[in-house]
Amino acid sequence: MKENTNHQHLQHHNHHMHKTHMQSKEKMPGQVMENNHPHAHHGAKQDAHSDHGGHSGHEGMIDDFRKRFWVSTILSIPVVVLSPMVQHLLGFTVTVPGQKYIVAILASIIFFYGGWPFLQGLYNELRRNALGMMTLIGLAITVAYVYSTAVVFGLEGMDFYWELATLIDIMLIGHWMEMKSIMGASRALELLVSMMPSEAHLIRNGEVVNVKLEELQPGDSIMVKPGEKIPADGLVVEGESEINESMLTGESKPIKKIEGSEVIGGSVNGNGSLKIEVKNTGKNSYLNKVITLVQQAQNSKSNTQHLADRAAKWLAIIALTVGILTLGVWLILGSPFDYALERMVTVMVISCPHALGLAVPLVVAISTAISARKGLLIRNRTAFENSRKISLIVFDKTGTLTKGSHEVARVISIDPLISESELIRLASGLEQHSEHHISKGILKYAKETNIPFSNSSQFNYLPGLGVEGIVEGKNLKVVGPNYLKENNIYLPAELQADEAVETVVYIWIDGKIVGLVAMADQIREESLEAIKILQEHGIKNLLLTGDNERVANKVNQQLGMDGFLANVLPHQKQEKIKELQQKGDFVAMTGDGVNDAPALAQSDVGIAVGSGTDVAAETADIILVNSNPKDIANLILFGRATYRKMMQNLFWATGYNIIAIPLAAGVLSPWGIVLSPALGAVLMSLSTIIVAINAQLLRRSMN
C-alpha cells in the first residue's frame, strides 16, 4: 500500500497568507534543489528564510546576480582587450603603462566580487564533504586566478585572466537566467495567495460593515457585490450570479450559483449580488489547502529527482577525477604546464552538472504549478510520474462518470392543453415546500431553464407516496409509483418507470393524470470523451459500482467502456483492485475519497474526485477539484508529458557531458580540435538554457 503524504495546513489566517506562505519554514518551490542547485550554497537558504520572506529573498538573489554580472562584464572589457593572448589571436596591439598590473587588479575584482557566489559554494560543499557543481566552478576559477597571478609576478607563461573573466561573466548570466526561470515557476503560489481580498462586507444586525478578512468566523453572513472577489468559502443564502473559478479549479466557464450553491474564497463574482454564509476561513479554506498541497508537491522529491541527484554527484566526482588526470597526462606527455592547466580548467568548466541539477526540479515546479491552475492537485510526486505506467483505470460510477444527483431526464405531457414547461411550472410551485431530493431536482431544473413558478397553499406531505396541495386554484398531486399501486391505477408501458435506472413522478390535476417527470443520475457530458481519449492511448477502463447490473451495463454501453463490475460494496472495492493488480495491470482508481478510501490506497495511483471545497482526500495521490472525468484523462497524459520532459532533460544534461568531457580533456587536439575554458563556459550555459526552455515547453501539454 502506498505511503501517503501527511496533509498539513498553513497556520495563519488568510489576511496573513502572503507573509505566512513566504516565511514558511518549509523550503519554497525555488529551493527544491537545495542539495544540488548552485544557488542554495551561497546564501539561498538563509535569504529565503529571512524576515524579508522567501519571495523577497529570491528577488534579492536575482538582483544580486544581475549586479555582479554587469559589474564583472564591464570590468572584463579592458581585461579582454589588454590580454596578450587575445591581441595575438586577433592580430592587434594595445599598450598601456603598467598593463599587466592593471589587468591583474581588474581581474582580482572580477574574481572576488563576481566569483564570490561560486567561491562560497565551493567552501560550503567541501565543508559538508558533498562535492557538486559549485566545487567544479570554484576550483576552475581559483586555479585560473592563482596561476595567472603567479605569471604576473614572475612565473613563466601566459596569464588566463581574460578566460577567468569571461568564464565568471558567463556563469553569472547563466545563474541569473536560471533563477528567473525558477522564480517564474514558483510565482503560481504567490498568484494564488494574491487572489484573496483584504476586506469583507459583514452583515451585522442588518447593517453591512467592512471588516478585515481574519475577523470572519464560520456562520457569519457576508455580502459580495458584482465584480468582487469572494472573501471566504461558503454557501449562497440569497441571490444568484455567475462565478469565475478558473484560477482555482481550472473550470474555464463561469459557473451559475443559486441559493444553496457552494462558493470558494478567491473566486470572482459576476454581475449579481450574493449573500453568503461563511463556512471555511483561514487554514481550513480551500485556497489555503491548495497552497499547502502545491507547496508539499513542489518540495517533495520523486524517484526521478533522486536519480538526478545521484547522477549529479557522480558526474562531479568524474569531472574532478578526469580534470586531475588531464593535468597529469598532458604534463607526462611533455606539454607546457599552462596548456595542461588549460585542459584541466576546461574539463572542470564544461563538465559542470549545472543543467543536470536543474533538469528535474524545474519540471517539478512547472508541472505542479500548471496542475494546480488546472484543478489537478498532486500530493504524491512519484505516483504522478507513475501515471505513465497506468494500463487500467477503474472508475467509480456515481459522481465521477455520472453527475451523482437526481436530475430531470425527461418530461412528458399527456394533456395536449398543458405544455412540458407548464408541467414543471405547476410541479415546482408545489415542490418548493419539500426538502426531498426529487423536489430539489425539479426545482433545480426549473431555475436552470428559467421557468417561473407560483406559490402554493394547503401543502400536504403524503408519506412514501408524494406531495399534494393547491396551485393557482388547482388541486395538484406529484406522486410516485407507490401512489399508483395503492390506488390500483395502471398506466400504459410508455408511462411506466424503468425503476432500475430512473425515478418517475406523476402529476395529477383535479384527479386526472396530466403528465410525468422522470429523474435519473445523468451521465456527464465529458465522460464519453474521457473514455475515448483513454482508449486511444491504450488504457483500458472499467466501471466499478455498487449499483445493480442493469444500471452498470447501461452506463457501460452508453460510454463504450471495456467492462464493469456491479453490486460491489464499498469494503469489497479494495479486494477488486488487488485482484486486478495480481493479473498484472498497473491500476489507477478514481473515487470520492470517502467510501473509496481503501481502494484508493490499494491502487497504484489513487485519484480522488470531488467538487468545490473537497480537497483533503487523505488516501489519494492526486485530487481532481472538478468531478470531471476528462480531467482524469488529461491528468494521465500530463503525467506522461511531465516524465518525458524529465527524461529529455536528464538525457541532454548527461549526454552532453559524456561528449563534452573528452573534448575538453583534449582527446581531439592532435586534429586541431580544442575547447578553451571560455568556450566551455558558453556550451555549459547553453545546455542549462536548453534544459530550462525544454521544461517551459511543458506548458503546451496542458493548453
Side-chain angles (χ1 to χ4, degrees), residues 235-242 255-263 271-277 403-487 489 491-492 494-499 501-522:
L235 285 176
V236 176
V237 293
E238 188 177 302
E240 55 182 73
S241 183
E242 291 194 338
I255 300 170
K256 187 173 183 179
K257 302 289 184 178
I258 58 176
E259 186 178 331
S261 298
E262 285 187 341
V263 291
N271 55 7
S273 291
L274 296 175
K275 183 179 178 182
I276 295 169
E277 180 185 344
K403 295 181 180 179
S405 60
H406 276 75
E407 299 195 4
V408 173
R410 56 194 178 106
V411 181
I412 297 176
S413 175
I414 300 172
D415 190 328
L417 299 178
I418 301 177
S419 66
E420 293 175 357
S421 59
E422 179 71 1
L423 278 180
I424 293 294
R425 190 180 73 82
L426 293 171
S428 299
L430 191 59
E431 297 285 11
Q432 64 183 311
H433 300 292
S434 172
E435 291 297 316
H436 195 275
H437 64 270
I438 291 177
S439 304
K440 290 180 178 179
I442 293 175
L443 288 171
K444 181 183 176 186
Y445 181 80
K447 290 178 180 178
E448 288 177 348
T449 52
N450 295 316
I451 297 175
F453 47 87
S454 304
N455 290 326
S456 59
S457 60
Q458 299 181 33
F459 175 82
N460 182 38
Y461 175 59
L462 304 172
L465 304 177
V467 293
E468 64 180 356
I470 305 296
V471 180
E472 297 178 357
K474 301 180 178 71
N475 289 308
L476 194 73
K477 283 187 177 71
V478 180
V479 293
N482 286 344
Y483 178 86
L484 303 184
K485 292 176 184 176
E486 190 172 285
N487 291 280
I489 299 171
L491 297 175
E494 62 269 18
L495 296 181
Q496 292 180 10
D498 183 353
E499 295 181 7
V501 294
E502 65 181 5
T503 301
V504 171
V505 290
Y506 300 94
I507 301 168
W508 298 69
I509 296 178
D510 297 330
K512 176 187 174 186
I513 186 170
V514 293
L516 63 85
V517 178
M519 316 285 291
D521 186 4
Q522 300 289 301

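Computed from a prediction, not measured in an experiment: that's the story for all the values here. Positions are given from 1 along the sequence. Values below: every heavy atom of this structure, side chains too, minus hydrogens, waters and symmetry copies.
Shortest non-hydrogen contact noted between G515 and L423 is CA-CD1, 3.9 Å. Considering all non-hydrogen atoms of both residues, V504 and A518 come closest at CG2-CB, 3.8 Å. Residues E262 and L235 approach most closely at CG-CD2, 3.7 Å, considering heavy atoms. Taking all atoms of both residues into account, the shortest heavy-atom contact from G272 to S241 is N-OG, 3.1 Å. Scanning both residues, I513 and Y506, for their nearest heavy atoms gives CD1-CD2, 3.7 Å.
Here the CD1-NZ distance, from I509 to K477, works out to 11.5 Å after rounding to the nearest 0.5 Å. To the nearest 0.5 Å, the span separating CG on L516 from CD on E420 amounts to 9.5 Å. Note that the CG atom of N455 and the CD atom of E472 stand 10.0 Å from one another [nearest 0.5 Å]. Atom CG of L465 and atom CG of L484 lie 10.0 Å apart (nearest 0.5 Å). Atom CD1 of I258 and atom NZ of K444 lie 7.5 Å apart (nearest 0.5 Å). The structure places CD of E240 at 13.0 Å from NZ of K257, a figure rounded to the nearest 0.5 Å.
Looking only at side-chain heavy atoms (C-beta outward), N475 and I470 come within less than 4.5 Å of each other. A heavy-atom distance below 4.5 Å is not found between the side chains of S439 and I442.
Considering only residues two or more places apart in sequence or on other chains, A446 meets the side-chain contact (heavy atoms from CB on, under 4.5 Å) condition with I424, S428, I451, F453. Residues satisfying the side chain to side chain donor-acceptor pair (under 3.5 Å) criterion with E422, sequence neighbours excluded, are R425. Evaluation of the ring-ring contact (aromatic ring centres under 6.0 Å, His included) rule for F459 yields H433 as partners, not counting sequence neighbours.
Under a 3.5 Å cut-off, the side chain of D415 and the backbone N or O of L417 do form a donor-acceptor pair. For the pair S261 (side chain) and V236 (backbone), a donor-acceptor distance under 3.5 Å is absent. A donor-acceptor distance shorter than 3.5 angstrom exists from the side chain of Q432 to the backbone of G429, with no hydrogens or angles considered.
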* Given the rule in the side chain to side chain contact (heavy atoms under 4.5 Å, CB included) test, do V408 and M519 qualify, once you have shown the distances and angles that lead to the verdict? -> CA-CA 5 Å; V408 173; M519 316 285 291; 3.8 Å; yes
* Could you go through the side chain to side chain contact (heavy atoms under 4.5 Å, CB included) check for L426 and I507 one step at a time? => CA-CA 9 Å; L426 293 171; I507 301 168; 5.7 Å; no
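For D510, the CG atom sits in a packed shell: over 12 heavy atoms of surrounding residues, nucleotides or ligands are nearer than 6.0 Å.
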